[in-house]
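I have a structure I would like to understand better, so I am pasting it below and will then ask my questions one at a time.
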Amino acid sequence: MSLYLYNTAAKKKQLFKTIKEKNVRLYTCGPTVYDYSHIGNFRTFIFQDVLKKWLILSGYKVKHVMNITDVDDKTIKRSIDEGIPLKDLTTYYEQRFFEDLDWLKIAKADFYPRATDSISKIVEMISALISKKYAYVEKDGSVYFKIKNFKKYGELSGLPINNSTKSARVLTDEYDKDSPQDFVLWKSYKKSDGITFWESPWGKGRPGWHIECSAMSIGYLGESFDIHCGGVDNIFPHHENEIAQSEGFTGKKFVNFWLHSEHLMMDKAKMSKSSKNFFTIEYLKEYGFKAGALRYLLLCGHYRHKLKFSLKSMLKGNRVLEKIENFSFRLIDKGAMGLDKKLLKEPEDCKIFKNHMNNDLDTPKALAVFFSYIKKVNKSLDDNNLNKVALGRAWTFFSIFNDVFSMVDLNELIVPSSINNLLALRKKARAKKDWKASDEIRNLIKEEGYDVEDSVDGQRVKKIKI
RNA sequence: GGCGUCGUACCCAAGUGGUUUAAGGGACCGGUUUGCAAAACCGUUAUUCGCCGGUUCGAAUCCGGCCGACGCCUCCA
């Protein structure tokens, strides 16, 4: 089986090949930590999580780097507006970001470099770009990239350069640039920057937004690496500029595969901080969304298509999660976790599931296959017709599914002894058909945070999630 | 103005020429099972794919027009 991925640079699906055999070097654009990340941001991060987990499951060793942008116009403005040091502000939102990642069961990257820790590398790159005539210094001490000198400029996004229909914003800019579309590598110090600046060969200032990603990705992954991801809004100008800077600097191909995820839509408009139509993870958590439910809701559409999101979808998400959890409970009840390894074989449906995942991470189709399979196995369980071989196959498929979709938290299945004692009592009461005592104990268990369900196989407890 | 995407049931969402007289999920209703509750299973729910026309033996799928929604071109996942 081979993995095909849609490469924005090629504008088509391509067979995925790594530079170094069985090793993937992956860079994903991280958050700007001036505010909480929202569920739209996490659509992209969860897509990247699924990509990474799928690569690992396919036998690749993945080196993953995600940057933290902790200095830019917005972070500086916010810290001044709120009267707190930049570092305090960015540390706060960085921590909140990591908590959200954790809650959403997103696997940690190997490195989270910060822009402010990468200034020397950034200065080194800008100096080299100037000497190679890819960049020039303006009178005020700002440094710009000269896109005219980089022939490939515009190839990724397909946007025309130097067209006659420049946006109003570009036309009204006051910059002393050679060309309006030249972008800034180093921003000279302005009063509005307050105490935020670094010394450089061109005077006091701070890095432009795009250069940090080039510096950090090259710094951690090398001059050429395998995959670079982000949201579609990063294609232009961010990633276009990254290619220009990086390839101008190294003279080598920067990235082989560019992967971009589409936006999450709210009331038909894209979710964004500026339009104030966004939900934070904290809000959704309080509203009642479970982590696994959000993962499902963000993966039930293909990552390259717009996906609608609303608070109404909570019912669906939580219900689907419960259904999959119940399925895993039933398998565990039957002894799935203690099966001989020889019995852990993939069923045919799992191979179909894998084929869909290998086709540009087709999660909606993969999910459809998984759901149909659940139904089949549940039916066998109802008929008490599932033998060890079939159980092993079901558990194998579930495990592969859950390794990637990460919806069910198996740790939550461990039941404390206090609950087990109550269950034993209830079992005795039920044997005597003492329904009153049985229901009382069920209520006691509920107060301890667990639900009890009765089935032909006996009692089953489920932790009530908050 | 330039470039691009999308419009499928009550809702989310697959499907890009014939094994689709449209996957999968949620919701709803009916049934089986059940001490209760829950879970699970079975069945029902788009003769139709924004609208109009065309190509074709055959179209949700291709072409043209119209209507509607959205994205990028400026910070943005």
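Just so we're on the same page: letters track the sequence lines, and every chain starts at 1. A quick note: this is a predicted structure, and the numbers were derived from the prediction, not measured.
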Exercise for the section: Indicate the ring-plane relationship of A:F42 and A:F45, choosing parallel, tilted or perpendicular according to the 30° and 60° boundaries. Expected result: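 Correct class here is perpendicular.
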Exercise for the section: Could you label the plane-to-plane angle of the A:H210 and A:H238 rings as parallel, tilted or perpendicular, counting under 30° as parallel and over 60° as perpendicular? Expected result: tilted
Handout entry: Exceeds 12 heavy-atom contacts within 6.0 angstrom, atom OH of A:Y4
Key =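 Counting other residues, nucleotides and ligands, OH of A:Y4 stays at 12 neighbours or fewer.
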Practice task
Rounded to whole angstrom, note down the C1' distance from B:G31 over to B:G50.
Solution key: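 Looking at atom C1' only, B:G31 and B:G50 are 37 Å apart.
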Handout entry: Side-chain-base donor-acceptor pair under 3.5 Å for A:D439 and B:G35
Key = yes
Exercise for the section: Give one of base, sugar-phosphate or nothing for A:L307, where a contact means two heavy atoms less than 4.0 Å apart. Expected result: sugar-phosphate
Practice task
Specify the separation, in whole Å, of atom CZ of A:R460 and atom P of B:U34.
Solution key: 16 Å
Practice task
Mind telling me whether A:H38 and A:F278 have parallel, tilted or perpendicular rings, with 30° and 60° as the class edges?
Solution key: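 Geometry flag for A:H38 against A:F278: tilted rings.
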Practice task
Output, in order, the C-alpha distance, side-chain angles, deciding distance and verdict of side-chain contact (heavy atoms from CB on, under 4.5 Å) for A:T396 and A:S399.
Solution key: CA-CA 5 Å; A:T396 304; A:S399 301; 5.8 Å; no
Practice task
Could you run through RNA chain B and flag its stems, i.e. three or more consecutive Watson-Crick or G-U pairs with both distances under 3.5 Å?
Solution key: B:1-7 with B:67-73, B:10-12 with B:24-26, B:29-32 with B:40-43, B:50-54 with B:62-66
Exercise for the section: Remember a base hit wins even if backbone is also touched, and classify A:H302 as base, sugar-phosphate or nothing at under 4.0 Å, heavy atoms. Expected result: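 Counting heavy atoms under 4.0 Å across all strands, the contact made by A:H302 is with sugar-phosphate only.
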Problem - C1'-based separation of B:U47 from B:G71 [nearest Å] - result: 35 Å
Practice task
Would you mind classifying the nucleic acid contact of A:S157 as base, sugar-phosphate or nothing, using non-hydrogen atoms under 4.0 angstrom?
Solution key: nothing
Practice task
Classify the side chain of A:D383 and the base of B:C41 as holding, or not holding, a donor-acceptor pair under 3.5 Å.
Solution key: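 No such pair is found, so the answer is no.
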Completion exercise
Each nucleotide of nucleotides 25-30 of chain B classed B (base within 4.0 Å of a protein heavy atom), S (only sugar-phosphate) or -, in 5' to 3' order, makes BSS---
